[in-house]
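Below is one structure, written out as structure tokens; comments come after it.
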Amino acid sequence: MDIQEESSSTFGPLAAMSLRNMSSSSSAFFSANQSPFFSPRTSSCHLSDTLRPEASNDRIHLDAAAAASTSTSSVVPEQKCSISDVAAASPAACTSGDMQRLDRISSSVGISSSTISGYCHPYDDCYSGQKERRSKKGRNQKSSSTPPGSRAISSYRLTSCDVFIGLHGRKPPLVRFSKWLCAELEIHGISCFVSDRASCKNSNKLVIAEKAMDVASFGIVIITKKSFKNPYTIEELKFFSSKKNLVPIYFDLSPFDCLVRDIIEKRGELWEKHGGELWLLYGGLKQEWKDAVHALSRVEEWKLEAQDGNWRDCILETVTLLAMRLGRRSVAEHLRKWKEKIKEEELPFTRNENFIGRKKELSQLEFMLFGDVTGDSKQDYIELKARSKRRHLTIGRGKSSVLDERNESSREEKEPVLWKESEKEIEMQSVEFAQQHYRSKLKRSGKYSRKKRGVKVLYGKGIACVSGDSGIGKTELILEFAYRFHQRYKMVLWIGGESRYIKQNYLNLRSFLEVDVSVENSLEKTSIKGFEEHEAAAISRVRKEMMRNIPYLVIIDNLESETDWWDHKLVMDLLPRFGGETHVIISTCLPRVMNLEPLKLSYLSGVEAMSLMLPSGKDYTVAEIDALRTIEEKLGRLTLGLAIIGGILSELPITPSRLLDTINRMPLKEMSSWSSKEAHAFRKNTFLLQLFDVCFSVFDHADGPKSLATRMVLVSGWFASSPIPVSLLALAAHKIPKKDKGTCLWRRLLKSLTCGFTSPHTKKSELEASSLLLSFNIARSSAKKGCIQFNELIKLYARKREVTGSSHAMVQAVIGQGSISQHLDHLWAACFLLFEFGHNPTVVELEVSELLHLVKKVVLPLAIQSFITYSRCTAALELLRLCTNALEAADQTLVTPVDKWFDKSLCWRSIQTNAQLNPCLWQELALCRATVLETRAKLMLRGAQFDIGSDLIKKAIFIRSSICGDDHPDTIFARETLSKLTRLIANVQIHS
């Protein structure tokens, strides 16, 4: 951040300022305790990086001694906060608008340098490094004859301040809440000054805080159980109530708890410990104390309560009310729209009302993230004791992924978890989890293993990893945790962890975080970035947004690999630094992630498993209960299988013993053609395979051979892991070819004529089929309306059923009805089936005409959208390269000599190739290839790959000039692109 930019703040410049990068391991939230920074009202509104530069994450540290400088201040008039939405249009087809949009990225776009207000940390004195620097500066300035206090006060020209926030206490929940409140106000242009005046160490800081109180438009006082013992809180209540601008926030209290008589007489469980004649604790007057507390009851407009389950609602309501009172109606309207958006899109699944068990695991997750357990979970939690410090571990960031283990001097005392960070590595000292079997193993071995050991548990550092077999219930656990604790976060950010899609899912967070990650916004006038720089800049914007003092819960569900599939970079590079306000939960089948020993999810208890299988309202005999226990053992107590059993027993008039017999008699599918990794999931649980086949048999019996429900499951295996629209899934299912023996010709003709129309009966059958899948727990409903999702085990089984035409049906459905704005992941899934990405072979082959339609409708718009909107340069270029190869292969088939079955006719003797037989198709194919080559050249231009771009555009010019002529507008435009590339190549050669 430019220091001169911050010097034009409302409260004037300060001479000595040190820039500080906002990391999550160190607090960026400081107060008058460390010379506060009064931030200006700014027009930046936290919507895009054009409005909020990268420097907006930086915070200014002001030393107490630096305030004594004699610099003059300049006052900036207040500006209104403007809100603008950042929305990228998604092309539906490769039209002229797509190419024009691609051309626009060649122009330089500057980044505005608007500033965001900083904030104040009430407890920053605990950082010894800051203290030492302040003391050195103080000693250097003692020689001045002017009293430092007077100069410090004169240097602060406090012309205005929107909100003063007063608090008292050091408990982590209170500090976390106050940080969030201040950050939320400031990103909406409402300047804040936060202070715990009781912790101020000298009079200068108190004078500064009092000056902030004088100029503040509103005074927020956070009321806790101990606030009434604090003279400064009493003073703030009196002061702001007299000005009629008091905004009390009751933290873990209610307005009805704050009655003077109850407090003095220690009535109730609350005030029995914290009540009494509290004014005597600081020598105040009784009447003044009573008047201050009485002032709370006279505040009728503000009834804000921050209980454990409504932090988010309380903070957003506070910001909305203050914005309305300050005349910022655009802020209130923006928050209203934002809340409507996250209400529908925040979590991918609806809450499981039948969630059973996992109380201990939920408490462990809470303790690992927050370092504390609250509410009813305290009764369910098993005490975890810290052990003596044993070793010092390093988790590398970026390329340094090697676990560095160094022996430390053994000390017997118990120590908390320590966390140290730098730009290149994270160091932490682990506290081991209390597991008796693991301790006994260590005693037997007598030493620590360097390769098999990792960090066991990180308490209160905001990172948790849940590991377990597929289908054990990992997603259900973290989903339940998200619903229980979502009010402690501004938003739950859910990311699918499939290696091919994880980076795209990560960049999809831009719409929630209101960050612009497009290439257009990352251009600079002075230089042209490479592809890696574009991608790194986009990821950095999202990551920095999660490193503010605003808490988010990032959930990576079903992480497949620690590295990204595209560039093999560590997934850890996407995450914010641990120890900050943002928390991270990772679910995976991997034994360990990032050297962190995960919370290993075990099976449900016998009672919990039985309650999951037993349908409500049905009583079974002892023999039937024994049959259920047999089913439980045969399923390996897998939660997915237990839920399916419960669905079958609830929907069908069948007993457990008969169901067990039916499953046992179901023939087992051959798995010899499966890979070892794929077969491993089912070889140890073949009973689950037989259970799937029983379900399909039930569907077919109810709706005829190859029922719609069965075909929907079979085709689901080729879709991406994101939620699938029921209409798209049913369309793909209808395209699976049926073996119709003896079907009349007129029936087939009628079916072909009406295949483009959807009758009400078809719609009804789609809903019935999806409802059937949901009731049998084969699929689960998505929070997105009209979408369902399948477990990865079911999708794997569907792919291996070897149903002819299922993959081709999925591709046809996505090409025909897919939309980039709504089905981005599924379009990529179709491309993975059509092109040879990596070492994966082509699964679906298309005719030339179908390939042309695919390129125009899907490939070009998808590549341009991925490159421009999401800065996914590597993926977009690879898609276009493989598309070029496919077009060239199709061209070869057209120019290959045709079969000679018609040689007997003299009129066909001149026809030698398919291109001659169908010249229009060949020309269309050639022009399509030229368009792809031109698009690749323009993208190479944006990545400084001028030589490669020049070769590509020359090929495009040759094709266009050969077919369309030199005077055609497309040919002329391509030549202009070549001229631009030639000039850039010459400039590079001159500079080199």
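Values below: all heavy atoms of this structure, side chains included; hydrogens, waters and symmetry mates excluded.
Residues passing the side-chain hydrogen bond (donor to acceptor under 3.5 Å, both in side chains) test with Thr588, sequence neighbours excluded: none. The side chain to side chain contact (heavy atoms under 4.5 Å, CB included) search around Asp564 returns Ile502, Lys503, Trp566, Asp567, not counting sequence neighbours. Partners of Tyr501 by ring pair (Phe, Tyr, Trp, His ring centres under 6.0 Å), not counting sequence neighbours, listed by chain and number: Phe832. Checked against ring pair (Phe, Tyr, Trp, His ring centres under 6.0 Å), Phe719 has the following partners two or more places apart in sequence or in another chain: His826. Partners of Glu498 under the salt bridge (Lys or Arg N to Asp or Glu O under 4.0 Å) rule, at least two apart in sequence or in another chain, do not exist in this structure. Under the side-chain hydrogen bond (donor to acceptor under 3.5 Å, both in side chains) criterion, Thr563 pairs with Ser561, not counting sequence neighbours. Partners of Ser819 according to the side-chain hydrogen bond (donor to acceptor under 3.5 Å, both in side chains) rule, which considers only residues two or more places apart in sequence or in another chain, are Ser821. Residues satisfying the side chain to side chain contact (heavy atoms under 4.5 Å, CB included) test with Ala926, not counting sequence neighbours, are Ile959, Ile963. Remark: Arg500 pairs with no residue by the salt bridge (Lys or Arg N to Asp or Glu O under 4.0 Å) rule, at least two apart or across chains. Under the side-chain hydrogen bond (donor to acceptor under 3.5 Å, both in side chains) criterion, Arg872 pairs with Gln504, not counting sequence neighbours.
Counting only heavy atoms from C-beta outward, the side chains of Ile953 and Met940 never approach each other to under 4.5 Å. When side chains are defined from C-beta on, Cys928 counts as touching Leu887, because their heavy atoms get closer than 4.5 Å. Side-chain atoms of Ile778 and Phe699, non-hydrogen and from C-beta on, do get closer than 4.5 Å to each other. Counting only heavy atoms from C-beta outward, the side chains of Val988 and Leu984 never approach each other to under 4.5 Å. Side-chain atoms of Val571 and Tyr506, non-hydrogen and from C-beta on, never get closer than 4.5 Å to each other. No side-chain heavy atom of Ile539 sits less than 4.5 Å from a side-chain heavy atom of Val517. Under the 4.5 Å side-chain criterion, counting only non-hydrogen atoms from C-beta, Val811 is in contact with Ile815. Counting only heavy atoms from C-beta outward, the side chains of Glu766 and Ser770 never approach each other to under 4.5 Å.
Shown here is Glu532, whose CD atom has no more than 12 heavy atoms of other residues, nucleotides or ligands within 6.0 Å.
Within the structure, the salt bridge (Lys or Arg N to Asp or Glu O under 4.0 Å) test picks out no pair touching residues 783-798 (sequence neighbours left out). Residue pairs meeting the salt bridge (Lys or Arg N to Asp or Glu O under 4.0 Å) criterion with at least one member in residues 826-851: none, sequence neighbours excluded.
Note on ring orientation: taking the six-membered ring where Trp is involved, the planes of Phe531 and Phe867 are perpendicular (angle over 60°, cut-offs 30° and 60°).
Lys938 has a carboxylate O that lies under 4.0 Å from a charged side-chain N of Glu934, or vice versa, which qualifies the two as a salt bridge. Ion pair Lys569/Glu562 not flagged as a salt bridge, since none of the NZ, NE, NH1 or NH2 atoms sits closer than 4.0 Å to an Asp/Glu carboxylate oxygen.
No cation-pi contact links Arg780 to Phe790, judged by a cut-off of 6.0 Å to the six-membered ring centre and 45° from its axis.
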Practice prompt. Apply side chain to side chain donor-acceptor pair (under 3.5 Å) to Ser979 and Thr982, showing your working.
Written response: CA-CA 5 Å; Ser979 301; Thr982 305; 5.9 Å; no
